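Here's the structure, in structure tokens; my notes come after.
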Amino acid sequence: MQKKSEVKILGIESSCDDTSAAVVCDGKLLSNVINSQSIHEKYGGVVPELASRAHQQNIVVVVNEALSRAEVSMSELDAIAFTKGPGLLGSLLVGASFAKGLSVSLGIPLVGVNHLHGHILAHFLREKDEDECVPQFPFLCLLVSGGHSQIVLVKDYLDFEIIGKTIDDAAGEAFDKCAKVMGLPYPGGPVIDKLSKVGDENRFKFSKPSIPGFDYSFSGLKTSFLYTVRDEMANNPNFITENVNDLAASLQKTIIDILFNKLEKVVKQTGIRRVAISGGVSANSGLRNRMLLYAERKKWQVYIPKISYTTDNAAMIALVGYYMYQKGKISPLSVIPQARINFMDL
Ligand code: KG4
Ligand code: ZN
């Protein structure tokens, strides 16, 4: 049989509060449409029920738009990739059900993708024909998002090993929860990032964990931040308003110090100096600058994703789908999304 020249994959992402669809052709990105749900802002966090409803409302429009921008018709698709977890179950179910319906009606395979693999492989997204600067295997990836903080050894496209992970909160959660303490809107990470630019990062000291090995912990920092604010407010009710920039900058610096402390140890232990960052928190300007600093001072080869590929998007899901499809890793139609999913689960 003659080999098909082009493989076109539609990716669907609906794990949290972004409804997204993308088309990838032979690993090259043709379109990536993201509808970020703004409804959650006023609640100070994602409301699962509202997220599912918004996905249900948006998904048809988002998928049609992705196909239209890619100039690809449904009949040209080879497979449908969708996020099978981790994430909010109601949100995942919308994407999974939609993907199943399409897969059955078009008679093409379904590929369930682990969302976290998507964040890592976002480094291989290319928009042009020629190869852009992508990491060589093996490399280390600091995956920092709203729900995850881990250091992963990436041996191949679909071959990973977790070297260290958080034992409690994720880095993104530390940003979001501390922002909430200061009465800042959700998601707090980008707001703290912005305020930090005009704040003194050495003004406040917050506690850093001292757990052995390569694991992270952020719950102590969150408590230390909360107590500092509470104690200062007892003396000065305007403490937050008067010090918000310095609080933000000091918090951001502490989170980055914690992340790099372990990352540096892993680089030393493994001898691997190719280091990537990914996930929503990798959009943070302080974290990105620290990577550049380490590239210069410690001669790390660093990989920093485009801002648009840091937060949730279907482009990364379509790309993982492409690699899985190539390896014959097809999901049965009985596949069910899972809110919690083992990182190693392909
Ligand atoms: O990867 P993501 O979009 O969703 C998950 O899979 O969790 O990550 C969302 C997280 C949120 O905690 C958000 O506050 C954080 O990424 N984030 C940032 C920045 N942009 C997004 N944190 C710090 N600085 C940013 N610029
Ligand atoms: Zn994510």
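The model shown is predicted, which means the values in this text are computed figures rather than measured ones. Start at 1 and go down the list; that is how both ligands and their atoms are numbered.
Given atom 26 (N) of ligand 1, the protein heavy atom at minimum distance is Asp193 OD2, 2.9 Å. The closest protein non-hydrogen atom to atom 2 (P) of ligand 1 is Asp312 OD1, 3.4 Å. Looking only at heavy atoms of the protein, atom 21 (C) of ligand 1 is closest to Gly280 O, 3.3 Å. The nearest heavy-atom contact from the protein to atom 22 (N) of ligand 1 is Gly189 CA, 3.3 Å. Scanning all protein heavy atoms for the shortest distance to atom 13 (C) of ligand 1 gives Asp176 OD1, 3.8 Å. Nearest non-hydrogen protein atom to atom 24 (N) of ligand 1 is Asn284 ND2, 3.0 Å.
Residues Lys180 and Asp176 are not paired through a salt bridge, judged by the lack of any N-O separation under 4.0 Å between the basic side chain and the carboxylate. With respect to Lys28 and Glu127, no salt bridge is recorded, no charged nitrogen being found less than 4.0 Å from a carboxylate O.
Listed by chain and number, the protein atoms of type N/O/S under 2.8 Å from the Zn ion (ligand 2) are His115 NE2, His119 NE2, Asp312 OD1; waters are omitted.
The closest approach between a heavy atom of Gln252 and any atom of ligand 1 is not below 4.0 Å. Assignment of Lys194 to the shell around ligand 1 is not supported, since no heavy atom sits closer than 4.0 Å.
Criterion: ILVMFWY side-chain heavy atoms under 4.5 Å apart, direct or through other members. Under it, Leu184 and Phe206 are part of a common hydrophobic cluster.
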Please step through side-chain contact (heavy atoms from CB on, under 4.5 Å) for the pair Phe204 and Phe225, ending with a clear verdict.
-> CA-CA 9 Å; Phe204 298 103; Phe225 186 85; over 6 Å; no
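Distances below 4.0 Å separate heavy atoms of Gly146 from the following atoms of ligand 1: 5 (C), 7 (O), 8 (O), 9 (C), 10 (C), 12 (O). Here is the list of ligand 1 atoms found below 4.0 Å of a heavy atom in Ala283: 20 (N), 26 (N).
Take Ser103 and apply the side chain to side chain donor-acceptor pair (under 3.5 Å) test, not counting sequence neighbours, and it matches no residue.
Within the 4.0 Å heavy-atom criterion, the part of His115 lying near ligand 1 is the side chain and not the backbone.
Rounding to the nearest 0.5 angstrom, the gap separating the CD atom in Glu232 from the CG atom in Asn238 is 12.5 Å.
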